[in-house]
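A short worksheet on the structure shown next.
Everything numeric in this text was worked out from a predicted model, so none of it was measured.
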Amino acid sequence: MKKLFLYVSMLVLSFSLVACSSSETGGSDENIVIWTQAAADHPEGKMFAERVKQYNEEHPDKPQVEIQNITRAGAGSGYIDKLNAAITANDMPDIFTLDGPDIAAYVDSGLLGELDDYMSDGFKEGFTESIIAQGTVDGKFYGMGYSDSGVAIMYNEDMMNALPEDIKELVPAADEDWTWDQFTELARKVDDFAKSSDDPAFKDYESAVSLLLPDITAGAYETGTYYFTPVLWGNDTNIVDEDGVTVDGVLNSEKSVEALTKFAKLFEEPQLASASESEKAFHSGKTALSVSGFWYVSELTSNYPNLKFKTVRYPKMNEDYNGLYTPSGSWAFVRNGQEEDEERIKQVVEVMEWLNNDEASEEYYHANGSIPTRVNSIDVIDTNTDNPYHNEAWSVLKYQVENTNKSRPVSPGYPYLSETFAKDVILKIGQNKTTDPATIKEYLDEAVKKIDIEFEKYKK
């Protein structure tokens, strides 16, 4: 993410791709060229290729569409490297994909074209609220999200069934809201019981909660920000102000300290979560609870058929908070902002609509399990299969998509913001087992100083 940000903001690269022909790195005068970050042999890459094939077959008299699915690694390297080489050579494709939070950085660099004046009437409004917010920068719409996401809480059903009735009563139903205080209370009770239980459900038990903090240590900073910015959202605060550049008084506000102090209770001794948890800790029966991305549903049902898991909603930090607070967002289609030919732009946006209409959203769900981004397509999510664990998980995620999902902050410096929050706040709390509000405030103040220095160039 940091690499992407530096490349885009400075546009200083030394690549050996300048010798590539236009057929390899950009579009011809006629054909519309699309680049995506999906591998060609991955279900996502295949679904894009099929969608393009359908367009060409149904529109033989219009400019034909070429697609290149470019394998990425890590946070997007490979694909991003090639994209930045094309930017440097002024040879961008007509349409390409970006991770939602990165859209603002490309807009700030003048690389993306807005879509509002070219879309069909009502097309933008067909997206969910969080997807519209993800693609909007300074009031203008730039990115059509083709896939949404979600995070919920999962728990090991066998472990919960082994608990005394008074502890079982702390577990919410799948259709109930709950708070971080209630989540922590349940985790503490489970941990106390597990350490004295000889029930076979706890034979591999290590800790109460999986948080995936080792992912942050490994450099996947966005996992930490994606998972835990909602800790602040649910207490009516954020990691950056609505202007996308102001962090002082927001990230280090009293509300942020309060929220993160409650989060930090998971690390009070005896700690309920570990910054060095085992790989696949929840999947392998080592934790009773897990903060779980939507991809867990497929992983668990396909690869861990003996694990009985239940799913409940992501907890609120403040019971009285009624705004949006659950994680969301994913990759989106954007257009080359260097194109000036109005007719060409209209053709490009028409193709973008084809890639993101209701029909496409449904096709992507069936092909790749992508959470639909179109309001009219959400009901395609199947919650009536023969697997009750799948059904419950998707019922919870569907509810959140329709009612509580919030887009990640829109900021031209989002990659640096995300890295700093995850590494210098969330991970520090976990690694140092920090629980006192004064030290947490110090972490936040230090993070704010770093971000302010980095963000000075964006303040106008």
> Looking at residues at least two apart in the chain, or sitting in another chain, which of them share a ring pair (Phe, Tyr, Trp, His ring centres under 6.0 Å) with F421?
Replying inline: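 Ring pair (Phe, Tyr, Trp, His ring centres under 6.0 Å) check on F421 returns nothing, list empty.
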
> Which residues pass the ring pair (Phe, Tyr, Trp, His ring centres under 6.0 Å) test with F228, sequence neighbours left out?
Replying inline: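 For F228, the residues satisfying ring pair (Phe, Tyr, Trp, His ring centres under 6.0 Å) (neighbours in sequence not counted) are F263.
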
> So, F183 versus W178, ring centres under 6.0 angstrom or not?
Replying inline: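 Centroid separation for F183 and W178: below 6.0 Å.
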
> Between Y146 and F48, is the gap from one ring center to the other below 6.0 Å?
Replying inline: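 Aromatic pair counts; centres sit under 6.0 Å.
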
>> Per the ring pair (Phe, Tyr, Trp, His ring centres under 6.0 Å) rule, what does the pair list look like for residues 236-259, sequence neighbours excluded?
In response: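 Listed once each, the pairs would be none.
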
> Are a donor atom and an acceptor atom from the side chains of T97 and Y79 found within less than 3.5 Å of each other?
Replying inline: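 A pair is found: one side chain offers a donor N or O, the other an acceptor, under 3.5 Å apart.
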
> Under 3.5 Å, is there a donor-acceptor pair linking the side chains of T326 and N405?
Replying inline: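 There is such a pair (donor and acceptor under 3.5 Å, judged by atom type) between the side chains of T326 and N405.
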
> Salt bridge check: are R313 and E176 linked by an N-O gap of less than 4.0 Å?
Replying inline: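 No, no charged N to carboxylate O under 4.0 Å.
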
Ring geometry between [Y] and [X] (parallel below 30°, tilted from 30 to 60°, perpendicular above 60°):
{"X": "F455", "Y": "Y416", "answer": "tilted"}
{"X": "H283", "Y": "Y296", "answer": "tilted"}
{"X": "Y55", "Y": "W354", "answer": "perpendicular"}

> So does Q338 have more than 12 non-hydrogen atoms from other groups sitting under 6.0 Å from CD?
Replying inline: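 Yes.
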
